[in-house]
Chemist: 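Following this message is one structure expressed as structure tokens.
Throughout, a chain's letter reflects where its sequence line sits, starting with A, and its residues are numbered from 1.
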2 protein chains.
Amino acid sequence: MDSGRSVRVTIDDVARAAGVSRQTVSRAMNDKGDISEATRRRVLATIEELDYRPSAFARGMRTQRAGTVALVLPDIANPFFPAVARGVFDAAAARGLAVVVHNTDADAGAEAEAGRAIVDAGAAGAIGFFEALDDPALAALGRRVPLVVADRPAPDGAVATVRADFRTGTRLACEHLTSRGHARLGMLDGAVENKPERRRAFLETNPDDHVVAAPPTVAGGAAALRSLLARHPGITGVFAFNDLLAIGAVQALRAAGRRAGEQIGVVGYDDITMAALLDPPLTTVHTDKYELGRTLVEVLAHRLDGHPAEHRVLAPRLVVRGSA
Amino acid sequence: MDSGRSVRVTIDDVARAAGVSRQTVSRAMNDKGDISEATRRRVLATIEELDYRPSAFARGMRTQRAGTVALVLPDIANPFFPAVARGVFDAAAARGLAVVVHNTDADAGAEAEAGRAIVDAGAAGAIGFFEALDDPALAALGRRVPLVVADRPAPDGAVATVRADFRTGTRLACEHLTSRGHARLGMLDGAVENKPERRRAFLETNPDDHVVAAPPTVAGGAAALRSLLARHPGITGVFAFNDLLAIGAVQALRAAGRRAGEQIGVVGYDDITMAALLDPPLTTVHTDKYELGRTLVEVLAHRLDGHPAEHRVLAPRLVVRGSA
DNA sequence: CCAGCTAACGATAACGTTCACGGGAACCTT
DNA sequence: AAGGTTCCCGTGAACGTTATCGTTAGCTGG
């Protein structure tokens with residue numbers, strides 16, 4: 001039975017109860033100096049006893065920084081992101097940080113708007129999959145809030161990065177296809193900006209016109225495969241920009257009476273959850289999405305502690321299943 | 001080139017520039033009364049001109065309420081939730097609300113902790129898939145912050161609800177299986193608390209021992225199907241608590257040399273993205289997850305406007321594909 | 001024994017809003 | 001014409017922290 005008026009316990013209440021000033025309470029909470037170990041413990045005990053929770057607003061007002069980090073990504077419903085997000089959430093929660101999510105649909109306007117919202121909210125830091133924003137804008141954001149960007153080069157010395165090694169991943173995929181006897185390889189590239197690594201790596205060992213671009217969706221993959229095969233009927237190995245495209249390719253193949261993994265090999269990228277559950281199960285380049293999320297937070301936290309911007313690279317791993 | 005010291009534009013700056021008091025500026029922003037249309041427009045213009053953004057901290061300090069809502073769910077990586085979350089994000093963004101996400105893994109302790117964090121952060125409202133928290137605790141949370149719970153009865157007159165009509169959905173599934181000639185039906189129930197509707201609806205027309213419970217995962221589904229068939233070899237129609245279980249069942253069937261949709265029918269629940277991409281594609285009860293997310297926010301917003309708690313029910317729809 | 005230092009703590013002043021008032025001018029009402 | 005409303009708008013205070021600076025007691029060194 002709450003006694004009606006639920007009045008807030010303030011720092012002054014704690015100070016009174018502990019017989020100190022509120023400044024001392026503040027010192028005890030924030031591990032600042034100028035406080036003896038004895039009173040520190042006593043204050044902490046009274047805080048516990050009164051169940052005092054500092055007001056995030058009042059604190060933020062002074063410090064201009066909230067205990068919250070922003071996660072901006074194109075679309076949480078895209079199967080690649082939930083696992084990443086979970087990694088971010090877990091690592092952030094372990095550090096007492098709340099996470100607010102911004103979906104942008106890879107639209108430059110939405111990404112900019114998210115950036116504004118982030119600085120307005122006084123977020124402690126931001127983690128972002130920015131796909132459309134140009135470097136100057138990104139650098140500007142990085143100047144206003146500690147920032148770590150994923151899968152993209154740093155626009156500025158101040159912003160940290162975590163990247164998957166797409167070049168190695170692509171090589172792994174191509175070499176596997178070759179080792180399975182597929183001499184002529186084609187690629188289903190995602191028609192997205194700022195993601196040239198996979199295509200570039202593919203082109204290191206394959207001709208230019210063996211690449212066809214499409215929206216990185218299942219439907220896009222089906223269409224792209226048909227157009228690829230129409231152009232080059234001799235192709236028997238297909239590398240896709242991501243699993244969605246690869247799944248579309250597998251489906252188009254089935255519709256044409258062919259089965260991936262037999263006459264023709266298909267390799268995807270990302271290893272999203274459903275890849276293992278399909279028939280045939282998808283051979284794909286696995287990137288540890290959960291680990292990516294955790295790493296992003298780790299790098300951000302490191303930055304928050306005043307260290308210079310880090311740049312990490314996550315290694316890919318080929319998962320061989322039925323489709324190639 | 002930012003001119004170094006980026007000083008904040010405050011409400012006083014706007015007031016000065018517009019030749020009014022800060023209270024008038026506040027009135028203009030918040031659509032309060034006691035202001036003439038002329039000065040309102042003038043103030044709004046100066047706000048635009050100075051690119052003034054009110055401090056969320058200062059505002060929250062007075063109002064004790066931030067422009068942020070919480071979304072509590074078991075696991076964003078569970079394929080059911082990303083689409084829901086996207087609906088929540090979009091609807092919230094349309095209302096200028098930020099969303100912070102809390103993953104709980106359906107653990108009572110984590111759910112309680114999320115509740116604490118929510119009131120500490122002064123969230124404007126909360127949306128939750130609470131699976132473990134008991135009613136009193138949920139009601140207590142609902143007393144501290146406007147709350148709408150999903151897929152669960154209201155613990156209290158103050159908390160709003162949005163629910164999927166599981167009874168109808170289950171009936172749709174069972175009737176479809178029956179109409180396909182499957183006389184004996186079994187059910188793969190999810191071994192989760194507080195979700196008895198599907199099982200109850202199934203038991204209305206089927207015997208008790210045709211239900212076997214398992215963790216709502218692919219692996220759980222495979223195991224559950226084997227145990228179900230071991231007990232009742234005559235069963236030819238299987239209804240699963242969710243798609244993950246159904247997928248596991250389909251896989252176990254395949255491993256046993258049988259194919260879902262031919263001798264034996266399998267119907268899932270939820271229609272997660274991958275359901276349509278499997279082979280055979282999964283027949284399942286579709287609930288519009290994106291719409292669920294949107295509705296949750298809508299109901300919360302309605303509550304935030306001071307209206308009494310609503311209780312909405314979302315209708316299911318059977319999607320017939322290959323597995324039954 | 002005193003100047004000088006340090007450790008530990010307190011008092012005051014912000015931070016930027018909104019709330020509760022109060023007040024003047026214009027407009028009615030009788 | 002006096003009193004009452006209504007419409008606008010401004011003034012002070014308060015929300016709960018932390019930064020800055022001041023103060024006191026105890027200690028050190030000469």
Chemist: To the nearest Å, how far apart are B/Arg53 CZ and C/dT17 P?
Modeler: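 So the two atoms are 12 Å apart, to the nearest Å.
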Chemist: Please figure out whether A/Asp34 or A/Val25 has its closest DNA chain D nucleotide nearer the 5' end.
Modeler: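 Nearest nucleotide further toward 5': that of A/Val25.
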Chemist: Taking atom P of D/dT17 as reference, at what distance in whole Å does atom NZ of A/Lys32 sit?
Modeler: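 My rounded result for the distance is 15 Å.
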Chemist: Please give, in whole Å, the distance from C/dG16 P to B/Ile11 CD1?
Modeler: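 Taking CD1 of B/Ile11 and P of C/dG16, I get 11 Å after rounding.
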Chemist: Write down the distance between CZ (B/Arg62) and P (D/dG12), rounded to a whole number of angstrom.
Modeler: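 Rounded to whole Å, this separation is 16 Å.
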Chemist: Write down the distance between CZ (A/Phe57) and C1' (C/dG16), rounded to a whole number of angstrom.
Modeler: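 Atom-to-atom, A/Phe57 to C/dG16, this comes out as 13 Å.
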Chemist: Can you tell me if B/Asn78 uses its side chain to pair, donor with acceptor, with the backbone of B/Phe80 under 3.5 Å?
Modeler: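 Confirmed, B/Asn78 side chain pairs with B/Phe80 backbone.
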Chemist: A/Thr39 side chain N/O closer than 4.0 Å to the phosphate oxygens (OP1, OP2) of C/dA8?
Modeler: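 Answer is no, no contact under 4.0 Å.
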Chemist: Kindly say if A/Ser26 contacts the phosphate of D/dT17, meaning a side-chain N or O under 4.0 Å from OP1 or OP2.
Modeler: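 Looking at the OP1 and OP2 atoms of D/dT17, neither is under 4.0 Å from any side-chain N or O of A/Ser26.
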Chemist: Between C/dC9 atom P and A/Arg42 atom CZ, what is the distance in whole Å?
Modeler: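 After rounding, the reported distance stands at 8 Å.
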Chemist: Checking the side chain of A/Arg41 only, and the main-chain atoms of A/Ala45 only, is there a donor and an acceptor separated by less than 3.5 Å?
Modeler: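 No, A/Arg41 side chain to A/Ala45 backbone: no donor-acceptor pair under 3.5 Å.
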Chemist: Is a side-chain donor or acceptor of A/Arg8 paired with a backbone partner of A/Arg53 at a separation under 3.5 angstrom?
Modeler: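 Pair found, side chain donor or acceptor close to backbone of A/Arg53.
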Chemist: Between A/Arg27 and B/Arg27, which residue's closest nucleotide on DNA chain C lies nearer the 5′ terminus?
Modeler: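 Looking at DNA chain C, the more 5' nearest nucleotide goes with A/Arg27.
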Chemist: Once you round it to whole Å, what is the distance between P of D/dG10 and CG of B/Asp12?
Modeler: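 One finds 12 Å between P of D/dG10 and CG of B/Asp12, rounded.
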Chemist: As a test of reading the structure: which of C/dT18, D/dA19, C/dC9 is closest to the side chain of B/Gln23, going by heavy atoms?
Modeler: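 Closest nucleotide among those given: C/dT18.
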Chemist: Check the distance between D/dA13's P and B/Arg22's CZ and give it to me in whole angstrom.
Modeler: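 The answer, rounded to whole Å, is 11 Å.
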Chemist: Would you mind telling me which of C/dT17, D/dC15, D/dT17 lies closest to the side-chain atoms of B/Ala58?
Modeler: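 Output: C/dT17.
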Chemist: Heavy-atom nearest nucleotide on DNA chain C for A/Gln64 versus B/Met29: which residue maps closer to 5'?
Modeler: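 It is A/Gln64, whose closest nucleotide lies nearer the 5' terminus.
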Chemist: Could you work out which one of D/dC8, D/dA19, D/dT17 sits closest to the side chain of A/Thr10?
Modeler: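 Selected nucleotide (nearest to the side chain): D/dT17.
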Chemist: So, A/Asp107 side chain and A/Thr104 main chain: donor-acceptor pair closer than 3.5 Å or not?
Modeler: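 Checked: no pair found.
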Chemist: At less than 4.0 Å, is any side-chain N or O atom of B/Ser21 found next to OP1 or OP2 of D/dG10? Yes or no.
Modeler: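 Answer yes for this pair, as a side-chain N or O of B/Ser21 is under 4.0 Å from OP1 or OP2.
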Chemist: Backbone N or O of B/His302 within a donor-acceptor pair of the B/His307 side chain at under 3.5 Å?
Modeler: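 Yes, the answer is positive, given that a donor and an acceptor are paired below the 3.5 Å cut-off.
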Chemist: State whether A/Arg59 places a side-chain N or O below 4.0 Å from either non-bridging phosphate oxygen (OP1 or OP2) of D/dT18.
Modeler: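 Indeed, a polar side-chain atom of A/Arg59 lies that close.
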Chemist: Check this one for me: any side-chain N or O of A/Ser36 less than 4.0 Å away from OP1 or OP2 of C/dA8?
Modeler: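 Indeed not, no polar side-chain atom of A/Ser36 lies that close.
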